[in-house]
Amino acid sequence: MATTLPRNADVAEQLELLADLLEIEGEAAFRVLAYRRAAQRVRDTGGPVAQLALDGKAKELPGIGATIQDKIVQIVNTGEIEALSKRRKTIPPEVVDFLRIPGLGPKTVRKIWQELGVSTLAELKSAARDQRLRTLPGLGAKVEENILKSVGRKKKATGPPRTLLGQALPALLAVVDVLREHRAAERVSEAGSARRRRETVRDLDIIATASDPAALTDYFTKLSWVAEVAAKGPTKATVESHEGFRFDLRVVPPDCYGNLLQHFTGSKDHNIALREDAQRRGLSVSEYGVTETESGKVFTAETEEELYERLGYAFIPPELRENGGELEAARRGELPELVETGQLRGDLHTHSHWSADGKNTLVEMVEAAGDRGYAYYAITDHSHYLREDRLEAQAKEIDRLAKRVAPLKLLKGVEVNIKADGTLDMPDELLAERDWVVASIHTAFQREPTERVIAAMENPHVDVIGHLTGRKLSRREPMEIDIERVVEKALETGTFLEINSQPDRLDLSDVNARLAGEAGVKIVVSSDAHQLKALDYVDFGIAQARRGWLTPDQIANTRTWAQLRKLMKK
DNA sequence: GCCGTTTTCGGCCCGACTGTTTTCAGTCG
């Protein structure tokens, strides 16, 4: 029954929990790692892995073998992996939560649980308060202090929340600028998941070379906005800002800046795969250089390009470094030429004061679009604010403005709502008068969203589906959209799919964007701007497209309007 | 548990920091 298949996120969650439980049991580290890797692979896969497992094809995914495939089938059949059910009976549920406390790893958790019989967070707290933890070898006052501090703060127990890239990146780049001003600083760059432009980030990573690393590290920990210094050494420090951002700084000598930047940009999975591959070739890779195991000879790189070349790869753009096949592609010289922000010729999803939630007037928005150098610009105010005479009034204003802003081509668009029953809330004859139609779901997210989207795509006037899954990062889960059926219908009908650039949407996700792109669906990158500065959000949308391996050819609005029209329905 | 231009068995990334220690295990990224 296709409708009851577990989602990839659910499968991954079970694999991760099993890994945690095995680790607490003291299982061999590599088996634990195998489950974690499999979980990550499931998360990064576009289509339903449960279906692949049923078809016996899940084991073709890297990191998933026959054993884990069987366990995924168990989830389909009984709802849970057997080995997981079994261990749940012996390990108290809250003991797993101990792992979320900073400084507590599996070894320590196991010791506390087994030797002191502590099995809930409340018991853990009182054991710390009563100074009973320090009776265990290897544990002292500091651990107790740490537990008392973290257990009280509920949020901390699950780690700091992930922040939207759209909020974190400006803060990160500002700190980078401040560090560049220091006399000891030579080169400073953002790194980590923010440099890879992941949609949300946790730690904000900065790397640097410096004439005096200790001085720069020290300066970093003493900046005025630092609320807490979590770790500090001569070449590495971690601090937390008052806003709650965690910044990591790491400093190395200038001649291995390329090695460091590559190392600290990650992802972890990319680096592990790269190092395993290097090791098979007799090379050991670290942030300081590439060492030939035999001779002990060390190769350092001032740039990432040199480093990847030394290891036998084409340069891999940061957005692709997720161990999603980029290493193999780079080895063969088959990486895609990724789309860039400057290649967008127009914005095809924008709002003005004609939408009640639009913050700027039509004139202001259009002039800003002109300043960006766009060739075309679609005004797609919400359909429900354009009832009766308002629609005509808005159209007239666009017409007047169009003459003034030529050669910028203004498109009379609309964002039409897909209603709960799958029909659109603007009649076809009015849609037909519009140059560009975005159809989106804004309500009744549980009501058969796939069927409704498919119905919308069958409408000959609908050009693109807006923010397909309706997710709001860290606020609203995506709708249960069957992406493969949507992709199939998009190809059949010639409907585009949007990458919505709003920092809390970024919808399509990177995984879905890649899936759609590979299938041949054309993607539109749009700002969905409701105010002037939101026009810049396309930078995030383009980053998302790059993370989806998309080339300019796959992005419809890298084309001229004349070229784009030829791709549209009929 | 997974995987293979040295292997279907025997390996499995690498280094920094912390706390508790007199040389290191555990944790973290």
> Looking at every strand, decide which applies to A:L33 at a 4.0 Å heavy-atom threshold: base, sugar-phosphate, or nothing.
nothing
> What nucleic acid atoms does A:L274 come within less than 4.0 Å of, heavy atoms only: base, sugar-phosphate, or nothing?
nothing
> Considering non-hydrogen atoms only, spot the tightest contact between A:L311 and A:A278 and give its length.
CD2-CB, 4.3 Å
> Do the side-chain N or O atoms of A:T108 get closer than 4.0 angstrom to the phosphate oxygens (OP1, OP2) of B:dT27?
yes
> Determine the contact category for A:R281: base if any of its heavy atoms lies under 4.0 Å from a base atom, sugar-phosphate if only primed atoms, P, OP1 or OP2 are that close, otherwise nothing.
nothing
> Which part of the nucleic acid does A:P137 contact within heavy-atom distance under 4.0 Å: base, sugar-phosphate only, or nothing?
nothing
> When you check the gap from the basic side-chain N to the acidic O, do A:D10 and A:R7 get nearer than 4.0 Å?
no
> Name the nucleic acid region contacted by A:I68, choosing base, sugar-phosphate or nothing; use a 4.0 angstrom heavy-atom cut-off, strictly under.
sugar-phosphate
> Within this structure, what is the CG-to-P distance between A:D269 and B:dC14, rounded to whole angstrom?
16 Å
> Flag the pair A:R471 and A:E199 as a salt bridge only when some basic side-chain nitrogen lies within less than 4.0 angstrom of an acidic carboxylate oxygen.
yes
> Establish, from distance only, whether the side-chain atoms of A:E326 and A:H270 form a donor-acceptor pair under 3.5 Å.
yes
> Which nucleotide wins on minimum distance to the side chain of A:T67, given the candidates B:dG15, B:dT27, B:dC2?
B:dC2
> Could you check which nucleotide pairs with B:dT8 in any of the strands shown, counting Watson-Crick or G-U wobble with both distances under 3.5 Å?
none
> Across the strands shown, which category fits A:T238 at heavy-atom distances under 4.0 angstrom: base, sugar-phosphate, nothing?
nothing
> Does the side chain of A:D55 pick up a donor-acceptor pair with the side chain of A:Q51 at under 3.5 Å?
yes
> Given B:dC14, is OP1 or OP2 found less than 4.0 Å from the side-chain N or O atoms of A:Y288?
no
> To the nearest Å, how far apart are A:L18 CG and B:dC2 P?
12 Å
> The side chain of A:V143 lies closest to which of these nucleotides: B:dG19, B:dG1, B:dG29?
B:dG19
> Which one, B:dC13, B:dG1, B:dA16, comes nearest to the side chain of A:K71?
B:dG1
> Measure from the side-chain heavy atoms of A:Y35 and tell me the nearest of B:dG1, B:dC13, B:dG15.
B:dG1
> How many Å lie between CD on A:Q279 and C1' on B:dC3, as a whole number?
14 Å
> Give one of base, sugar-phosphate or nothing for A:V285, where a contact means two heavy atoms less than 4.0 Å apart.
sugar-phosphate
> Base, sugar-phosphate or nothing for A:A141? Non-hydrogen atoms, less than 4.0 Å.
sugar-phosphate
